[in-house]
There are 2 protein chains.
Amino acid sequence: MSNEFEKQEMNVTGEGFLPGLAIDTVIFGFHDNKLKVLLLTYKNTGLFALPGGFIRINEDVNEAARRVLYSRTGLIDIFLDQFYVFGDKSRHDIAPLKTIMQAREFTPDDNHWLLKRFVSIGFYALVDFTKAIPTPDSISDSCDWFELDDLPVLMQDHRQIIDKALQTLQTNLDHKLIGFNLLSENFTMGDLQSLYETILNKKLIRAAFQRKMLSSGILERVAKKWTGGAHKAPYLYRFMAGR
Amino acid sequence: MSNEFEKQEMNVTGEGFLPGLAIDTVIFGFHDNKLKVLLLTYKNTGLFALPGGFIRINEDVNEAARRVLYSRTGLIDIFLDQFYVFGDKSRHDIAPLKTIMQAREFTPDDNHWLLKRFVSIGFYALVDFTKAIPTPDSISDSCDWFELDDLPVLMQDHRQIIDKALQTLQTNLDHKLIGFNLLSENFTMGDLQSLYETILNKKLIRAAFQRKMLSSGILERVAKKWTGGAHKAPYLYRFMAGR
DNA sequence: GCAAAAGTGTTTAGGTTACACCCATGG
DNA sequence: CCATGGGTGTAACCTAAACACTTTTGC
């Protein structure tokens, strides 16, 4: 179903899309106690990039971002938010784009629409790592998770976009209580704490963390317990639907 | 000096500007214990709008916003921040634009660049009311302060833009300590408190407010005192340069 | 039994609220 | 001298930090 979009993304005129405007999404996942982001890889070029896309003529900007998120992960109803517009003229850098196109046997004209200056609206998304199905787009070879503290060199200003997204996530984590979106439906308090510790990059006090979370009233204790380790079985918690 | 821009803003092709992309600025001021915003007025049309503008081909988006702010107020080095991108397709509403143009004896073609769909980047600015010199742009008749709780009907989605800007201001007021930008260089604690009360729309406890502000360490007490009322002379405070 | 992780109780510290009191000033 | 607004002191209150203790489980 996304074939139709993808064909359009590669068309020669850029017709059907708002000109000069793009979306870049920083898709965060959490696995093995590591924060990860989803990157597109271009195998024959050594280039890495954030998933992104363009806005269709008859589409809301936020809708376009959801479409990008869906087509890279297969997920809907996911936490997704704008965080910044990247609009410096200095970000205009056509070399990597030319490389990518040429690696696909396509030599673009110098005023090909993709080589024009773009202003990009940055979005960040929080997804359940186990549920996302990374899917490359029409001009990339693969789409994979990369650890946030072990990122490859990224094209254009995509590294700054990730940094700014992480900052936003850090400042909103407490305030908006959005961490759950990175975990599976049921999780232990330990899972949640190590998620927080990873995002904020600092140790938290176990007892204090537990009480703060419980007193916030948004966690529901699921009666079931865990099976596994050589220690007391932790409760499982769930984000309460009733806000 | 802004003549050059303004001529361009009215040109027929939109040449020199990024297509389909605009800036809208919510410029906040504070006077007589009222929060105000700067609006452009179109006298022969009954239309009101936020100051806005376009981004020049060779200009950063944030630069463009500073240029708009400068050309409407004469102010530089002002608090100015992005807060949201308004990109719904439903905001495309050409009727008011046609009205404005026709009121200026200009009947645009239906595919005039100004009548195309625009995505707008919302900025909010905090200015010293006494220092700003409201200045209309080339297509408006005047530029004036309006009380936030007594706004006229605004064109397109500008009312929603203001509402979202106010929300952003409210949530950032404590966190980022940006209130000072709305006052003159020196102010009393009472001034600051009534500013906070106006923005947050609730009464604050005097003693608690004073201590919180003083303990934040960003206020410097200026030795001079106030002349005036039938009561103890309050200290004047100043925002500390040393962050 | 012991180590490890989980859950909770208790004490302490720091910040906020509420209330009180004194200060300065103009009428 | 008193009403008014400004500044600070004090105690009550609440939340968070620090620490301790108990529970559960696999080895």
Side-chain angles (χ1 to χ4, degrees), chain A residues 30 32-33 170-171 173-177 179-180 183-240, chain B residues 30 32-33 170-171 173-177 179-180 183-240:
Chain A
F30 184 67
D32 277 342
N33 276 343
Q170 286 172 337
T171 58
L173 187 60
D174 265 335
H175 180 56
K176 294 189 175 179
L177 295 168
F180 323 96
L183 298 173
S184 307
E185 193 184 340
N186 296 327
F187 47 86
T188 69
M189 194 58 75
D191 294 336
L192 188 59
Q193 183 179 340
S194 67
L195 168 64
Y196 268 65
E197 289 179 338
T198 304
I199 293 176
L200 300 175
N201 199 27
K202 66 173 178 186
K203 275 264 155 226
L204 298 173
I205 294 115
R206 197 172 55 88
F209 182 80
Q210 169 127 348
R211 263 185 284 259
K212 188 158 92 176
M213 283 300 144
L214 290 181
S215 71
S216 77
I218 56 169
L219 288 187
E220 184 181 11
R221 184 173 279 177
V222 180
K224 301 170 210 162
K225 297 193 173 193
W226 171 262
T227 52
H231 51 76
K232 184 175 179 178
Y235 289 101
L236 287 175
Y237 296 90
R238 170 164 63 185
F239 176 58
M240 281 216 290
Chain B
F30 184 66
D32 276 343
N33 276 343
Q170 286 171 339
T171 57
L173 187 60
D174 266 335
H175 179 57
K176 293 189 174 176
L177 294 168
F180 323 97
L183 299 172
S184 307
E185 193 183 341
N186 297 327
F187 49 85
T188 69
M189 195 57 76
D191 294 336
L192 189 59
Q193 186 179 336
S194 66
L195 169 65
Y196 268 65
E197 289 180 337
T198 305
I199 293 176
L200 300 176
N201 198 29
K202 66 172 179 185
K203 275 262 153 226
L204 298 173
I205 294 118
R206 198 171 53 89
F209 182 81
Q210 168 125 349
R211 263 187 283 259
K212 188 159 91 175
M213 283 298 145
L214 291 179
S215 72
S216 78
I218 56 167
L219 288 186
E220 185 181 10
R221 184 173 278 178
V222 181
K224 299 170 210 162
K225 296 194 175 191
W226 172 264
T227 53
H231 50 75
K232 183 174 179 179
Y235 289 100
L236 288 174
Y237 297 90
R238 172 163 62 186
F239 177 58
M240 282 217 288

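Being a predicted model, the structure only gives us computed values, none of them experimental. A note on names: the letters A, B, ... follow the listed sequences, proteins ahead of strands, and every chain is numbered from 1.
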[X] side chain: which of [options] is closest?
X	options	value
A:A208	C:dG7, D:dA17, D:dT25	D:dA17
A:P234	C:dA6, D:dA17, C:dT17	C:dA6
B:R206	C:dA20, D:dC19, C:dT17	C:dA20
A:Y235	D:dG7, D:dA18, C:dG7	C:dG7
B:R211	D:dA18, C:dT25, D:dG9	D:dG9
A:A207	D:dT25, C:dT25, C:dG9	C:dG9

Between B:Q210 and D:dG6, is there a side-chain N or O to OP1/OP2 distance below 4.0 Å?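 For D:dG6, neither OP1 nor OP2 has a side-chain N or O of B:Q210 closer than 4.0 Å.
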Once Watson-Crick and G-U wobble pairs under 3.5 Å are found, how is DNA chain C written in dot-bracket notation, 5' to 3', with | for any base paired to another strand? |||||||||||||||||||||||||||
Given atom [atom1] of [X] and atom [atom2] of [N], what is their separation to the nearest angstrom?
X	N	atom1	atom2	answer
B:F187	D:dG6	CZ	P	14 Å
B:L204	D:dG6	CG	P	14 Å
B:L214	C:dT16	CG	C1'	15 Å
A:I205	C:dT8	CD1	C1'	16 Å
B:Q193	D:dG5	CD	P	12 Å
A:M213	C:dA6	CE	P	15 Å
A:F209	D:dA18	CZ	C1'	18 Å
B:R221	D:dG7	CZ	P	6 Å

Is there a side-chain contact between A:F180 and A:L219, using heavy atoms and a 4.5 Å cut-off?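 A:F180 reaches A:L219 side chain to side chain.
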Show the nearest heavy-atom pair for residues [X] and [Y], with the distance to one decimal.
X	Y	answer
A:Y237	A:R221	OH-NH2, 2.8 Å
B:I199	B:Q170	O-NE2, 2.9 Å
A:T188	A:P234	CG2-CG, 3.8 Å
B:S194	B:N33	OG-OD1, 3.0 Å
B:R238	B:E185	CD-OE2, 3.4 Å

Testing A:K212, A:Q210, A:R211 one by one against A:L214 for a side-chain contact (heavy atoms from CB on, under 4.5 Å), which residue passes?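 Passing option: A:Q210.
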